[in-house]
Amino acid sequence: MKIVLLLFLEADGPAVTKLLSDQGINAFSRLPVEGHGAAKAGGWYGDIATHDSRMILAVVSDEDAGSLLDAVEGVPVQDAAHPVHAAQLHLEEWVHSSS
């Protein structure tokens with residue numbers, strides 16, 4: 001299992017939602033993120049004005065993670081200076097509470 005993090009500007013939310021749907025990812029969490037950054041940091045860290053950003057976390061199979069990361073490259077964005085960023089993290093364990 002993997003965790004895939006997607007970081008993007010709020011305005012690109014519909015394109016990212018379509019990406020997830022196209023990839024068959026139907027369960028994820030979306031969070032607001034206050035993005036900061038110097039010009040070369042892509043808007044995520046530093047001392048410039050904040051960006052209205054979002055983060056999506058999805059727990060997916062190894063295969064789905066690879067496919068999703070490959071598909072991120074084709075996501076159209078409104079501002080080329082702020083592309084969709086994706087990271088894949090290994091998930092060592094995944095448990096659920098009992099009901």
Side-chain angles (χ1 to χ4, degrees):
M1 297 294 285
K2 303 287 185 194
I3 295 173
V4 174
L5 301 175
L6 299 168
L7 301 169
F8 54 95
L9 293 181
E10 180 180 21
D12 294 320
V16 173
T17 299
K18 182 178 182 329
L19 164 73
L20 293 169
S21 177
D22 290 350
Q23 292 295 308
I25 309 296
N26 300 313
F28 56 88
S29 297
R30 184 186 335 246
L31 304 116
V33 175
E34 185 177 285
H36 298 263
K40 291 186 178 181
W44 296 103
Y45 308 100
D47 298 326
I48 64 171
T50 61
H51 300 286
D52 290 326
S53 304
R54 297 292 177 263
M55 178 188 304
I56 285 181
L57 297 106
V59 176
V60 298
S61 70
D62 292 2
E63 180 180 300
D64 287 345
S67 177
L68 179 56
L69 265 64
D70 289 343
V72 164
E73 294 180 17
V75 175
V77 294
Q78 294 188 20
D79 180 354
H82 299 286
V84 175
H85 300 278
Q88 174 182 288
L89 305 157
H90 179 69
L91 180 62
E92 291 187 33
E93 271 188 80
W94 181 251
V95 299
H96 304 274
S97 62
S98 58
S99 334

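Here, residue 1 is the first one in the sequence, and each next residue gets the next number.
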> Who passes salt bridge (Lys or Arg N to Asp or Glu O under 4.0 Å) against Asp70, sequence neighbours left out?
Replying inline: none
> Between Leu57 and Val4, is any pair of side-chain heavy atoms under 4.5 Å apart?
Replying inline: no
Sequence neighbours left out, cut at 3.5 Å: what donor-acceptor pairs do the side chains of residues 72-80 make with other protein atoms?
{"from": "Gln78", "atom 1": "NE2", "to": "Ala11", "atom 2": "O", "distance (Å)": "3.1"}
{"from": "Asp79", "atom 1": "OD1", "to": "Ala81", "atom 2": "N", "distance (Å)": "2.9"}

> Would a 4.5 Å heavy-atom cut-off, applied to side chains only, mark Ile25 and Leu19 as touching?
Replying inline: no
>> Any heavy-atom pair between the side chains of Asp52 and Leu9 that's under 4.5 Å?
In response: no
>> With rounding to the nearest 0.5 angstrom, report the NE2 to CZ distance, His82 to Phe8.
In response: 14.5 Å
> What distance separates Asp12 CG from Leu7 CG, expressed to the nearest 0.5 Å?
Replying inline: 12.0 Å
>> side chain to side chain contact (heavy atoms under 4.5 Å, CB included) for Leu5 and Ile56? Distances and angles first, verdict last.
In response: CA-CA 6 Å; Leu5 301 175; Ile56 285 181; over 6 Å; no
> Hey, are the side chains of Ile3 and His90 touching, using non-hydrogen atoms and a 4.5 Å cut-off?
Replying inline: no
> How close do Gly13 and Arg30 get, heavy atom to heavy atom, and via which atoms?
Replying inline: O-NH1, 4.4 Å
>> If you define the side chain from C-beta out and look only at heavy atoms, does anything of Leu31 sit under 4.5 Å from Arg54?
In response: no
>> Which heavy atom of Ala58 sits nearest to which heavy atom of Phe28, and what is that distance?
In response: CB-CB, 4.1 Å
>> Using modelled atom types and a 3.5 Å cut-off, is there a donor and acceptor pairing between side-chain atoms of Ser67 and backbone atoms of Glu63?
In response: no
> Among Asp62, Asp64, Leu91, which residue meets the side chain to side chain contact (heavy atoms under 4.5 Å, CB included) test with Lys2?
Replying inline: Asp62
> Side-chain donor-acceptor pair under 3.5 Å between Glu34 and Ser53, yes or no?
Replying inline: no
> Between Gln88 and Gly66, which heavy-atom pair has the shortest distance, and what is it?
Replying inline: OE1-N, 4.0 Å
